[in-house]
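Nothing here was measured: the structure is a model prediction, and the numbers come from that model.
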Amino acid sequence: GTAALIWNEIIREKITNFIMNQSKEQRILNFVLQNAVRGDPCSVVDTIDKYCSQKEWAMNVGNEKGLILDKTVEEIKPSIVLELGTYCGYSAVRIARLLKAGARFLTVEFNPEFAAIAKQMIEFAGVQDKVKVLEGPSEEIIPQLKKKYEVDTLDFVFLDHWKDKYSPDTILLQECNLLRKGSVLLADNVIYPGAPEFLNYIRNNPRFQCTNYPAHLEYMQVEDAMEKAVFLG
């Protein structure tokens, strides 16, 4: 798994970026613009999956774990959602297509290039009215959510950014009183690349009830999992 990721993420990608004079993320967007149906979020999600499974690997949640994400969103029926780690907008589109009318979805992305691509992806999918991309580091944006973005408490949080940020950001969400009894956190990649600090924190915290969903790394046969944590108040 590690060797395949190093090949896909570092060597092959850098060679292709140099030859084509554009980033992998721009190539994913271009493929969607040329092959997906405008205004159809399911078509956008399927087209990204097709590109990343057949052409170039990318760190979207992917379809296998995406089904776990879908099921969680459908069960919660959230009114206010926070995503940490937008990347190209795959999971933002995937979540937004399931949200009820009037729901709010804030997604945080540190990398300005990824944020710009995600905005175009979200607009092409036709879910821009539901999704707001917030650019900057999560540890700066989370404390601003209440006052600047008028968030009371969050119904659902999807963690899919830097794995070493999962634990401190979960603690920060609590310190900022953004979680209520019944708020649900869902974390991706807890086995590969892995988020051991987060798992240790969440599973040993009496304020959370945890469920583990074994799966595979997106577009690969590498073992991975998602962890759901319900805040008990």
From SG (Cys52) to OH (Tyr219), nearest 0.5 Å: 4.5 Å
Within residues 224-233 or reaching into it, pairs that qualify as salt bridge (charged side-chain N to carboxylate O under 4.0 Å, His left out) - sequence neighbours excluded: Lys65-Asp224, Glu75-Lys228, Arg203-Glu227
Sorted by chain and number, sequence neighbours left out, side-chain contact (heavy atoms from CB on, under 4.5 Å) with Pro137 holds for Phe110, Glu139, Glu140
Could you tell me which residues satisfy side-chain contact (heavy atoms from CB on, under 4.5 Å) with Ser79, sequence neighbours excluded, listed by chain and number? Lys100, Asp155
Between Tyr192 and His216, is the ring centroid distance below 6.0 Å? no
Applying side-chain contact (heavy atoms from CB on, under 4.5 Å), can you list everything that pairs with Asn205, at least two apart in sequence or on another chain? Gln174, Tyr201, Arg207, Phe208
Please work out whether the ring planes of Tyr166 and Phe198 are parallel, tilted or perpendicular, with thresholds of 30° and 60°. perpendicular
Any ion pair linking Asp129 and Lys132 (charged N to carboxylate O, less than 4.0 Å)? no
Arg104/Glu150 ion pair, N-O < 4.0 Å: no
State which residues pass side-chain contact (heavy atoms from CB on, under 4.5 Å) with Glu223; sequence neighbours excluded, sorted by chain then number. none
Strictly by salt bridge (charged side-chain N to carboxylate O under 4.0 Å, His left out), give each pair with a member in residues 35-50 just once, sequence neighbours left out. Arg38-Glu123
Looking only at side-chain N and O atoms, does Gln34 offer a donor or acceptor that is under 3.5 Å from a partner on Asn30? no
Would a 4.5 Å heavy-atom cut-off, applied to side chains only, mark Met121 and Ile28 as touching? yes
